[in-house]
Amino acid sequence: MKITNITPYVSMPINDLPWIFVVVDTDEGISGVGECSDYRSTGLLTRGIEWVKRELVGQEARNIENAWQTIFHTFDDLNGRGFVSHLISAIDIALWDIKGKALGAPIYQLLGGPVRERVPLYTHVQDWNSDAGGPDDAAKAALATKQAGYEAIKTDPFPTDHSPNAGYSGPAEVERLTPESIRKSVEWMEAIRGAVGPDFELMVDAHARFDVASAIEAARALEPINLVWLEEPIHVENHNALRQVRENVRVPLCIGERHFTRWDYNEILNNRLVDYVMPDVAWCGGISELRRIAAMAEVQYIRISPHDALGPVSIAAGFQVCMTTPNLYRQECLHTWFDTFEKVINPMFDVRDGSIYPTDRAGLGIELNMDTVQRYLIDPDTREYLNIDSADEDATGKWIR
Ligand SMILES: [Mg+2]
C-alpha cells in the first residue's frame, strides 16, 4: 500500500484558532488524517508538509516507523524538534489511522488493547488574562463545569504586570510576578476553590512565563489551594533552573507541551525534575512517540497527561494512546470547543460525564467533515478566510467561555 498524496488543510472554524489537518492518501483507496495544529506557525508547517510529501509519496504506508525516522533524520540539522516533530506527528497519526482502517481495528487495539474503560478528561475555565471577567466569573464557570460532569480544571491565574517598571511583560522577556500579582492569583484560585469544594482537582498553568524567583514565590503562595500541579513555572530551556524551583516548592510540577520527542524527556525524567509530564500528540512526534514517552515516564512512576488544546483529530489520536497507558492522569480538552468539533468530524467521539469512551470504529474512529473544513479554510500565511468573512457569522465557538 503506497502513499500517493499528502494534503494539508488549514481550517479555522473558531476565530484566531487555526487547525492544521493533514490527509494522507494511498493507492488502495484508504486515507488517513493527522493533525499538527499550531497557533502561529501555520504557513511554515504547511510548506513543511509539502516537503514531506516529496519525500514520502511512493513509500509504503504501513511502515510508520520508517516514515517517522525518515522525517526526523532528514531534518536532523534542526535537531528533529519543534517544527520537525510537528510534521512527524501529523504523518505518524495519519499512518496509524490508515493501518487501523486496513486492519479493521481501532488504533488502541493495535497498541496492545485497553487498560481502562474510559479516558478521563480535564478542562479549562478562563485565564486571568483572558478578558472574561474577574475571580467571581471564573468561580461561576468552574462550578458550571463541575456540574457538567468534569472532575478537574486548569486555569492560568497570573496577571501580566503592565506597570512601567515591568518592561515589556510579554513575549519579549521573561515575566516577573510582583507581590500584587501573586496576591491576585491567590484570590483567583481561592474563588475557584471555594466554588468547587475541597476535593475537586485543580491545576495552575504558568505558561512558561516567569523567572525563578517569581515561580518559587507563586508556588509557595498557592500551596493552601492544594493543586494537582503547577505547570511550566519557568521558561523551559534550563533544567538547572527547573531543579532550583523543584527543590524550593512543595507543589507538584508538570511540564511537556514545549518538549518534543523522547530525547527532550529523557533527562527530565531521569533526573526526576517533575511529577507529571504532558506531551502533545500533535507536537511530540505523534502516536508512536507519545506511547514511547509514556513508557519512559512509567519507569519513573510518573503519570502522563497529554496536552491537548488543539483540534478534534489531535484529541482522537491522544485518546488512542491514553486507552492503552497504565500511568495516565487525564487527557486535556477544552470542552467548550466540543460543539465545534461536532461540525468538523464525523462521528463526534463519545464524550459523557467528563470522559471519552472507546468505540469499535477502525483507525482513529473519526472522519473529517470536509464540507466544514473547506468552509473555514484560511490562507496559512495571512490567516484570511478564503470562503467566508468570519467564523463568527456561524457562532461556532469561542476560545474560552
Ligand atoms: Mg500549558
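As the structure lists them, so they are numbered: ligands from 1, and atoms in each ligand from 1. Quick caveat, the model's predicted, so the values are computed rather than measured.
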By salt bridge (charged side-chain N to carboxylate O under 4.0 Å, His left out), which residues pair with Glu232, not counting sequence neighbours?
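For Glu232 the salt bridge (charged side-chain N to carboxylate O under 4.0 Å, His left out) partners, ignoring immediate neighbours, are Arg258.
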
At their closest point, which heavy atom of Leu328 faces which heavy atom of Arg303, and how far apart are they?
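Taking Leu328 first and Arg303 second, the nearest heavy atoms are O-NH1, 3.0 Å.
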
Heavy-atom closest pair, residues Val33 and Leu364
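Smallest heavy-atom distance, with atoms named: O-CD1, 3.3 Å.
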
Tell me whether the count of non-hydrogen atoms from other residues, nucleotides or ligands lying under 6.0 Å of CG in Asp77 goes above 12.
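More than 12 within 6.0 Å, yes.
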
For Thr26 and Ile30, indicate whether the former's side chain and the latter's backbone hold a donor-acceptor pair under 3.5 Å.
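Checked: pair present.
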
Verify the ring-centre separation between Phe75 and Phe83: is it less than 6.0 angstrom?
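That pair passes the under 6.0 Å test.
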
Cut-off under 2.8 Å, centre the Mg ion (ligand 1), protein N/O/S atoms
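Those protein N, O or S atoms (cut-off: under 2.8 Å from the Mg ion (ligand 1)) are Asp205 OD2, Glu231 OE2, Glu257 OE1.
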
